[in-house]
Structures are given as structure tokens and as C-alpha cells.
Amino acid sequence: GNTAQRGAGVALVLATSATVTDCAFTHNVSGTGCGVGIDSGSSASFSLCNFAENKASYGGGVWVSASDATLTACTFDSNSASSCGGAINSTEDSSLSVSGSDFLKNEAWGNVSSGGAIAAMGHRTLTLQTSTFRENYAVTGGAIIVEKSVVQAIIEDCIIENNGRRVVGGAVVAVTSQGGGVQFGG
């Protein structure tokens, strides 16, 4: 594994674009975006990638800030964050789309942690489709937390089971404002 303050596996900053296929990001340690950090107007597409046993304060597997990320047929297994997003933490006017992916045993473990698998905070859009969330854990939002002015969040055709929480929301917690909301389907 690698060690860095941001993006120990890969750091994409300042409007960088990337397409990544069939890669593994494992055993990395970082402050934010342990496996991958996507920041400052960047965009990235990941398919068939494995994110396992990465550790960060925010976004054990992936951290997205003011950027766009698409993840297709990826696996997130046993990643952890001490604050938000055991597997993925996406913030600050970002757009995140995840489809056909598996989230297993990811954890946000700090005293006020949220989003064992995904913490989406301050988004333009969040789309989660045909993905599986099993045995993820956090203080709030065992699998997913959607928070802080998310404009549009869609969760459809997902399996969300056996996730845990210490305080509230074993599966999904939605705390939105300014007209935001979550749409469930499938």
C-alpha cells in the first residue's frame, strides 16, 4: 500500500480526467481519498476496479470533492474511514454515479462517523443503481447517508441488507435541505 495526505493510490486534481479499468487499490493509508482522491473540477470513470482494506479519515476507498465520478461494476471490501464514507465520501457540489457495484464490510468508525459505505454531502446528483450493500457499519447511516443540500438522489434496484449503526439509520439516512430529496425505486 501507499501513504499520502490525499489520494494515496491515485490523486486527480485541477480538472484532470481519467478512465480506469480493471485495477486494484488495496492497503493504502491517507487523510482523504485513500484509494483515489478526485478534487477541484476533475472527472473520473472507474470500471471493474477493486478497492479493499484502505484507511482514511474521509473516503476509505474514494473521496470526491467538487468533481464528478462514475463507478461501474466495482467492489468495495473492508475499507474504513474515521469520519465519513467508509468506502466513498463525496462532497462539495460533486456528482456521483454508482452502478452494478458491491459494498461489503466497509466502516465509518469514529464517534460521529457517518455512511459506512457511502457518505454523500452537498451534491448536485447522487445515483445508486443495481448495487449491493451488505454488512457496512457507521454511527449514523450504516450503509448510506445523504446529507446537506443534495439536489437529487436516486437509489434504485439496490440490495441493502445486514448493515449496522450505533445511533440511527441501519440502512439509509437522509438529512436534506433546500429542496433536496431522495427517490427510491425498484
Which atoms form the tightest heavy-atom contact between I160 and A143, and what is the distance?
CG2-CB, 3.9 Å
Is it the case that the side chain of S65 and the backbone of T91 share a donor-acceptor pair, with hydrogens and angles ignored and the cut-off at 3.5 Å?
no
Starting from the C-alpha separation in whole Å, work towards a yes-or-no answer on side chain to side chain donor-acceptor pair (under 3.5 Å) for S95 and T125.
CA-CA 5 Å; S95 179; T125 60; 2.7 Å; yes
Got I144 and F103 here, is their nearest side-chain heavy-atom distance under 4.5 Å?
no
Rounding to 0.5 Å, atoms OG (S80) and CG (N54) come to a distance of 8.5 Å
Could you check I145 against T140 for side chain to side chain contact (heavy atoms under 4.5 Å, CB included), going step by step and ending with a plain yes or no?
CA-CA 7 Å; I145 187 163; T140 302; 4.0 Å; yes
Is there a donor-acceptor contact under 3.5 Å from the side chain of S101 to the main chain of C74?
yes
Does the pair I38 and F46 meet the rule for a side chain to side chain contact (heavy atoms under 4.5 Å, CB included), with working shown?
CA-CA 12 Å; I38 307 165; F46 294 85; 3.9 Å; yes
Is the closest side-chain heavy-atom distance between W63 and D39 below 4.5 Å?
yes
Are V139 and W109 linked, directly or through intermediate hydrophobic residues, by side-chain heavy-atom contacts shorter than 4.5 Å (ILVMFWY only)?
no
Nearest non-hydrogen partners of A108 and G115, listed with the distance:
CB-O, 3.8 Å
According to side chain to side chain donor-acceptor pair (under 3.5 Å), who are the partners of T75, at least two apart in sequence or on a separate chain?
none
Tested for side-chain contact (heavy atoms from CB on, under 4.5 Å) against F133, the lone hit among L104, I118, D102 is I118
Set of ring pair (Phe, Tyr, Trp, His ring centres under 6.0 Å) partners for F25, sequence neighbours left out
F51
Taking every heavy atom of S94 against every heavy atom of D68, the minimum-distance pair comes out as C-OD1, 4.5 Å
On a heavy-atom basis, which atom in F76 and which in N106 lie closest, and how many Å separate them?
O-ND2, 3.0 Å
Hey, does N79 have a side-chain heavy atom less than 4.5 Å from the side chain of C34?
no
Interatomic spacing from CG in L48 to OG1 in T72 - rounded to 0.5 Å
8.5 Å
Reported CD-to-CD distance for the pair E135 and E107, which is rounded to 0.5 angstrom:
12.0 Å
Using every non-hydrogen atom in the two residues, find where A119 and S114 come nearest and quote the distance to one decimal.
CB-O, 3.8 Å
Main-chain N/O of A171 paired to N163 side chain as donor or acceptor, under 3.5 Å:
no
Dump the intermediate steps for side chain to side chain contact (heavy atoms under 4.5 Å, CB included) on L126 and S90, then the final yes or no.
CA-CA 9 Å; L126 169 68; S90 189; over 6 Å; no
Return the NZ to CZ distance between K105 and R134, rounded to the nearest 0.5 Å.
12.0 Å
For E92, give me all partners under salt bridge (Lys or Arg N to Asp or Glu O under 4.0 Å), at least two apart in sequence or on another chain.
none
Given side chains that start at C-beta, do those of E53 and D77 come closer than 4.5 Å, heavy atoms only?
no
With side chain to side chain contact (heavy atoms under 4.5 Å, CB included) as the test, would you mind laying out the steps for I88 and L71 before giving the verdict?
CA-CA 11 Å; I88 300 172; L71 299 119; 4.0 Å; yes
Please report the shortest heavy-atom distance between G116 and A138, naming the atom on each side.
N-CB, 3.4 Å
Does Y137, at its OH atom, have more than 12 non-hydrogen atoms belonging to other residues, nucleotides or ligands within less than 6.0 Å?
yes
